[in-house]
Amino acid sequence: MNLNENQNRDQWGSKLGFILAAAGSAVGLGNLWKFPYTAGQNGGGAFVIVYFAMLLLVGFTLMLAELVIGRHTQLNAVGAYRKIKKNWAFVGGIGVLASYLILSVYSVIGGWVINYIVKALTGVFNTGDLNALNDVFGNFISNPTQPIIYQAIFVILTLGIVIGGISGGIEKYSKILMPGLFIMMLLIMIRSVTLPGAAEGIKYLLVPDFSKINGSVMLAALGQVFFSLSLGMGIIITYGSYLGKDTDLPQSAITIPLIDTGVALMAGLIVLPAVFAFGIDPTQGPGLIFVTLPAVFAQMPLGQLFAILFFVLVLFAALTSSISLLEASVSYVVDARNWSRKKATCILAAGVFLIGIPSSLSQGSLSHIKLFRGLNIFDTVDFFTSNVLLPLGGLLLCIFIGWVWGVDNALKEASNNGKISFKLAGFWSFVIKYIAPIAILVVFIQGLK
Ligand code: TRP
């Protein structure tokens with residue numbers, strides 16, 4: 001398949017190719033970096049259980065909704081909304097804006113990952129001393145130039161792939177590297193859960209303390225569902241637009257979230273047991289994996305090799321997601337402004353790099369600037385995109401399907417015109433019309449209070 005050519009509609013080579021590419025967009029820093037630390041900050045098991053509830057109600061439903069719109073219209077997000085109802089194109093526009101802002105912070109973390117590959121190669125983690133590892137991380141992210149250089153490298157890698165097209169490279173490699181990531185994670189997880197003192201961490205992640213559930217935990221979980229599944233900004237619409245009419249969409253809408261959630265839980269089971277085993281504060285935030293994982297590697301046979309391989313695979317997972325984030329705005333500008341793909345990619349990538357710089361600096365020299373609720377620049381952009389723009393896009397998507405386009409039209413597409421049986425059709429229609437929009441709205445308002 002080729003995301004480049006909206007005029008010459010390509011299709012996915014195989015069903016597996018599509019599932020892996022969609023899972024490639026979904027599985028990324030959201031699972032490996034964000035899930036463990038967000039769970040850590042929001043009460044562990046309490047967060048996980050709310051996450052599952054949101055996943056069941058909102059995640060699966062919207063995944064199917066986006067796939068259905070995409071395959072029906074065979075267009076990108078903005079075009080797809082416009083084709084069905086002209087004045088709804090702005091919802092696609094919200095998605096483009098969200099993707100662009102998300103990519104600006106995504107690239108900062110992507111840069112950290114690249115730097116950690118270098119650190120692993122040069123044996124920086126071999127000490128295994130927690131205080132030293134904490135300092136290594138703190139010194140790096142607060143440095144005024146180093147993280148920005150690595151952020152630039154991450155943006156350039158993303159740009160290179162998006163300019164060159166996706167079919168030959170990323171899709172082919174996904175098939176090898178994604179299973180590779182899975183196996184690596186399994187091995188590291190075994191080490192982590194068998195560390196002395198790990199049981200506390202497993203308990204923290206899996207046993208919910210219901211008293212910790214409140215509005216902001218719920219909003220964090222909802223935002224995480226959107227972010228992790230790449231929902232709410234039309235990326236899945238675009239991926240669905242390359243699907244043939246014979247694909248079983250309801251089944252895909254179950255498989256992709258299952259893969260994504262499996263990886264997130266594994267990441268949680270790697271990070272949190274280690275956090276407790278080493279006596280780290282689980283609420284410490286974005287740095288969690290960068291401090292705990294090197295400590296785990298130091299306690300493993302062949303630890304350095306594992307460290308190198310693991311961060312390389314994390315980088316790859318991040319790239320299969322970041323290209324989808326950049327592609328959203330590139331394809332929009334190419335279509336709407338008639339720019340060449342090369343010009344669009346270069347200019348947009350340069351812009352995303354510049355917008356990301358304050359987020360990077362907010363870990364050091366700009367850390368005193370608090371934009372919103374005491375959050376620094378980085379956390380504000382992250383909150384505004386994941387917890388505001390994506391749920392808003394999702395809410396509008398529910399209203400669009402349930403009340404504008406109509407569930408009957410959607411169901412016709414979802415069931416391939418009645419050729420496959422979609423057993424949950426009635427349930428899905430009810431959820432997308434009533435439950436999901438109300439849930440999103442309530443959580444949104446509660447969480448913002
Ligand atoms: N889902 C990806 C992750 O977990 C990030 C991502 C890619 C994304 N495309 C997106 C998030 C679209 C929101 C919307 O890392």
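Start at 1 and go down the list; that is how both ligands and their atoms are numbered. Just so you know, these numbers use all the heavy atoms, side chains as well, and skip hydrogens, waters and symmetry mates. Along the sequence shown, residues are numbered consecutively beginning with 1.
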**OP:** Would you please name every residue forming a side chain to side chain contact (heavy atoms under 4.5 Å, CB included) with A410, sequence neighbours left out?
**Re:**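 Side chain to side chain contact (heavy atoms under 4.5 Å, CB included) list for A410, sorted by chain: V68, I401, W405, W428.
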
Give the numbers and elements of all ligand 1 atoms closer than 4.0 Å to a heavy atom of [X].
X    : answer
L390 : 13 (C)
S228 : 1 (N), 4 (O)
L29  : 15 (O)
N31  : 4 (O)
A26  : 1 (N), 2 (C), 3 (C), 4 (O)

Original post:
Quick one: nearest non-hydrogen protein atom to atom 1 (N) of ligand 1, plus distance?
Top reply: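 Atom 1 (N) of ligand 1 sits closest to the protein heavy atom F227 O, 2.7 Å.
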
Original post:
Can you tell me which residue and heavy atom of the protein come closest to atom 6 (C) of ligand 1, and the distance to 0.1 Å?
Top reply: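 Ranking protein heavy atoms by distance from atom 6 (C) of ligand 1, first comes S230 OG, 3.5 Å.
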
Original post:
Side chain, backbone, both or neither: which part of S25 comes within less than 4.0 Å of ligand 1 when only heavy atoms are counted?
Top reply: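 For S25, the contact with ligand 1 is made by both the backbone and the side chain.
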
Subject >> For ligand 1, the portion of S324 having any non-hydrogen atom under 4.0 Å away >> reply: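 Side chain only.
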
Subject >> Heteroatom proximity flag, I235 to ligand 1, N/O under 3.5 Å >> reply: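 No: no nitrogen or oxygen of I235 is under 3.5 Å from one in ligand 1.
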
Original post:
With a 4.0 Å cut-off on heavy atoms, is Y106 touching ligand 1?
Top reply: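 Right, Y106 reaches ligand 1.
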
Subject >> W339 and Y332 aromatic centres sub-6.0 Å >> reply: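 Between W339 and Y332, the centre distance exceeds or equals 6.0 Å.
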
Original post:
So, do F18 and Y242 have ring centers that fall under 6.0 Å from each other?
Top reply: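 Aromatic pair excluded; centres sit 6.0 Å or further apart.
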
Subject >> Candidate pair Y51 and S228, rule side-chain contact (heavy atoms from CB on, under 4.5 Å), full reasoning >> reply: CA-CA 11 Å; Y51 182 86; S228 193; 3.8 Å; yes

Original post:
Of the listed options (Q224, K34, M233), which comes nearest to atom 12 (C) of ligand 1 when hydrogens are ignored and any heavy atom counts?
Top reply: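 Considering heavy atoms of Q224, K34, M233, the nearest to atom 12 (C) of ligand 1 sits in M233.
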
Original post:
So among F137, F154, Y106, which one has a ring-ring contact (aromatic ring centres under 6.0 Å, His included) with W112?
Top reply: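 That would be F137.
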
**OP:** Could I get the full list of ring-ring contact (aromatic ring centres under 6.0 Å, His included) partners for F310, not counting sequence neighbours?
**Re:**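 With sequence neighbours excluded, F310 shows a ring-ring contact (aromatic ring centres under 6.0 Å, His included) to F297, given in chain and number order.
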
**OP:** Identify whether NZ of Lys or CZ of Arg in K119 sits under 6.0 Å from the centre of the six-membered ring of F140 and within 45° of that ring's axis.
**Re:**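 The answer is yes, since K119 meets both limits relative to F140.
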
Original post:
Under the side-chain contact (heavy atoms from CB on, under 4.5 Å) criterion, do Y37 and V271 qualify, and how do the steps go?
Top reply: CA-CA 8 Å; Y37 91 76; V271 174; over 6 Å; no

